[in-house]
Amino acid sequence: MSTSAAARPLRVAIIGAGPAGVYAADILTKSNEVQGGDFAVSIDLFDQYPAPYGLIRYGVAPDHPRIKGIVNALHKVLDRGDIRFLGNINYGRDLTLSDFRRFYDAVIFATGAIRDADLTIPGVDLDGSFGGADFVSWYDGHPDVSRDWPLEAKEIAVIGNGNVALDVARILSKHADDLLSTEIPENVYQGLKASPVTDVHVFGRRGPAQVKFTPLELRELSHSRDVDIILYPEDFDFDAGSEQQIATNNQTKTMVKTLTNWLVEDEPTGASRRLHLHFLHSPVEIHDSMETPGKVAGMRFERTELTGDGNVRGTGEIIDYPVQAVYRAIGYFGSELPEVGFDDKRGVIPNEGGRVIDESGAPVPGIYATGWIKRGPVGLIGHTKGDALETIGFLLEDRLNLPPAEDPSEDAIITLLEERGVRYTTWDGWLKLDAHEMKLGSNFVNTSGNAEVVRERVKLVPREDMVAISRGE
């Protein structure tokens, strides 16, 4: 930075107001250099949605017990007043990278990964084959997703053995009335209420000791009312690699113990819905039938076997399951952003430790990445803190050599947004929207016929309504 630039606050834009973006902003403001008075910082946190929180608001199941705690922590950071939130701004359309470079000394991309990883098997495009990420967006009330979802299948396959797969399976099998105490929108409740589902099958390629979900996600399955969990003895195979994993990893030991106890001790109760957990199944094909051409009628798998090191190989044994819908939950994948490089194999912005690099591998001055768009969609939400710490560490190292903003005044970006007619939202606007959703919850009238339901909030879905309430229009 030039001498004149060093005399003013360092202007930083963070694109993405989910956990990764908020953690990065918080870590920068609390850094020794800022707290010690070496320099001041001025941070603007941008998001394409009118509301903050990103993945926490639009990517985590509404009945997840950890949501409230994480939201409260993020709220405290943004409510301090030293980080400015600007929502309903679409990067690449409302503002370009050139715009950001004009007004900021550094830009951090924290846009996450919101689309489904590809499953390349025949039949994946049949009617009734869905991406798990798309379904999550629907039941979380994403403002840019259709409010209707075709819940017509009695038998459903969920492909994947991670937390998202279990979330999808749990929401599909759970009775809608038992979700009323959460923040689910009315259209989601009505859709799930009308679902004729009786059986949800979750399939994983490897064995019980190689699953990618967590003990908390697994235990939540057993909390669903009137849903039997069904397991199969032939799926419980443990090779030397599995035994080693169980012996050395407490999380694996806990999950295998839970699954084994369910297998041995839990008898079906005759519940109206069943959640089947299958292991050692590799997807081969989604197929239709002569009776329903073009629509999912079944899912074909090859049985696998463990190879001694925790990996699997095919056995040649083919099994067909009659299902009318398939949900692919094998992982998320990042999306390419305008004017920024993209690794289309890993779904990330090319970077080294958070410093964005160009095609030659050289760092791009002043451009950084953090969160899933930096390292890929792996790990839990808490892992993004360490991610942000690394990225901010490099930004602090680089701060004296960053290309200075042409117009670093805090009002400049607001003037540009207003000139372009962008209906941006603010933190004060979110507090208004938050209060509105809380009021919708307190005004809820229970018509389910069950016991009294207390609702803390009801999530608002239409983007225009969210923007109008936030802006006081």
Side-chain angles (χ1 to χ4, degrees), residues 8-9 11-18 20-22 24-25 42-55 57-58 74 78-79 81-112 114-115 137 140-147 185 335-340 342 349 366-367 373 403-437 440 459-473:
R8 60 167 173 79
R11 290 284 284 146
V12 178
I14 300 177
I15 303 172
V22 176
S42 170
I43 303 173
D44 286 341
L45 189 64
F46 293 84
D47 204 275
Q48 64 176 316
Y49 309 126
Y53 306 145
L55 174 70
R57 185 171 169 92
Y58 295 121
L74 299 179
L78 295 179
D79 203 43
D82 56 348
I83 300 165
R84 184 166 62 176
F85 169 73
L86 296 169
N88 199 41
I89 297 171
N90 192 301
Y91 170 78
R93 183 189 66 196
D94 299 323
L95 292 175
T96 66
L97 183 57
S98 298
D99 294 326
F100 281 105
R101 305 211 72 163
R102 177 183 168 194
F103 299 116
Y104 299 91
D105 305 302
V107 180
I108 303 173
F109 286 94
T111 51
I114 59 172
R115 68 183 180 90
S137 293
D140 272 334
H142 193 294
D144 300 330
V145 172
S146 171
R147 300 183 71 181
S335 300
E336 186 170 2
L337 299 165
E339 300 184 80
V340 185
F342 188 68
I349 296 173
I367 307 297
I373 200 63
E406 176 185 331
D407 186 350
S409 64
E410 292 187 354
D411 292 338
I413 190 68
I414 300 299
T415 299
L416 179 65
L417 290 170
E418 291 178 347
E419 287 175 352
R420 292 180 177 176
V422 179
R423 297 172 67 224
Y424 64 90
T425 60
T426 64
W427 180 249
D428 285 342
W430 160 246
L431 295 179
K432 294 176 184 176
L433 179 57
D434 184 39
H436 179 82
E437 292 185 344
L440 290 178
K459 188 182 290 182
L460 197 64
V461 179
R463 179 183 284 265
E464 283 303 307
D465 291 352
M466 293 173 67
V467 173
I469 291 167
S470 298
R471 291 173 60 88
E473 298 174 348

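Counting heavy atoms from C-beta outward, Phe46 and Leu95 have side chains that approach closer than 4.5 Å. No side-chain heavy atom of Tyr53 sits less than 4.5 Å from a side-chain heavy atom of Val22. Contact check for Ser470 versus Lys432: no side-chain heavy atoms found under the 4.5 Å cut-off.
Between Phe100 and Tyr91, the angle of the ring planes lies from 30° to 60°, which puts this pair in the tilted group. Classified by interplanar angle (parallel below 30°, tilted 30° to 60°, perpendicular above 60°), the ring pair His142/Tyr49 is perpendicular.
Taking CG of Leu433 as the reference point, atom CD1 of Ile469 lies at 6.0 Å (rounded to 0.5 Å). Of the inter-residue distances, the one linking Thr415 atom OG1 with Glu410 atom CD reads 12.0 Å to the nearest 0.5 angstrom. The CG atom of Asp82 sits 7.0 Å away from atom CD1 of Ile43, with the distance rounded to the nearest 0.5 Å. Between the CZ atom in Phe109 and the CD1 atom in Ile373 there is a gap of 9.5 Å [rounded to 0.5 Å]. Atom CG of Asp94 is separated from atom CD1 of Ile89 by 7.0 Å, given to the nearest 0.5 angstrom. Taken to the nearest 0.5 Å, the CD1 atom of Ile15 stands 10.0 Å off from the CD1 atom of Ile108.
Asp105 places a side-chain N or O within 3.5 Å of a backbone atom of Arg11 that can act as its donor or acceptor partner. Put simply, the side chain of Glu339 gets close to the backbone of Leu97: a donor and an acceptor are under 3.5 Å apart. Remark: side-chain polar atoms of Asn88 are paired, donor with acceptor, to backbone N or O of Arg423 under 3.5 angstrom. Side chain of Arg471 to main chain of Tyr424: a donor-acceptor pair is present (N/O by atom type, distance under 3.5 Å, no hydrogens or angles). With hydrogens and angles disregarded, no donor-acceptor distance shorter than 3.5 Å links the side chain of Asp434 to the backbone of Trp430.
The two atoms that bring Pro143 and Met466 nearest to each other are CB-SD, 4.2 Å, heavy atoms only. The nearest pair of heavy atoms linking Val145 to Ser137 is CG2-CB, 3.7 Å. Between Val467 and Pro50, the shortest heavy-atom distance links the atoms CG2-CG, 3.7 Å. The nearest pair of heavy atoms linking Arg57 to Glu437 is NH2-OE2, 2.6 Å.
Using a cut-off of 4.0 Å between Lys/Arg side-chain N and Asp/Glu carboxylate O, Asp407 and Arg102 are scored as not salt-bridged. Under a 4.0 Å N-O distance rule, the pair Asp99/Arg420 qualifies as a salt bridge.
Screening Leu78, Leu74, Asp47 for a side chain to side chain contact (heavy atoms under 4.5 Å, CB included) with Pro52, the sole residue that qualifies is Leu78.
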* To do: Please step through side-chain contact (heavy atoms from CB on, under 4.5 Å) for the pair Leu416 and Phe103, ending with a clear verdict.
  => CA-CA 10 Å; Leu416 179 65; Phe103 299 116; 3.4 Å; yes

* Asked: Given the rule in the side-chain contact (heavy atoms from CB on, under 4.5 Å) test, do Ile83 and Trp427 qualify, once you have shown the distances and angles that lead to the verdict?
  -> CA-CA 9 Å; Ile83 300 165; Trp427 180 249; over 6 Å; no

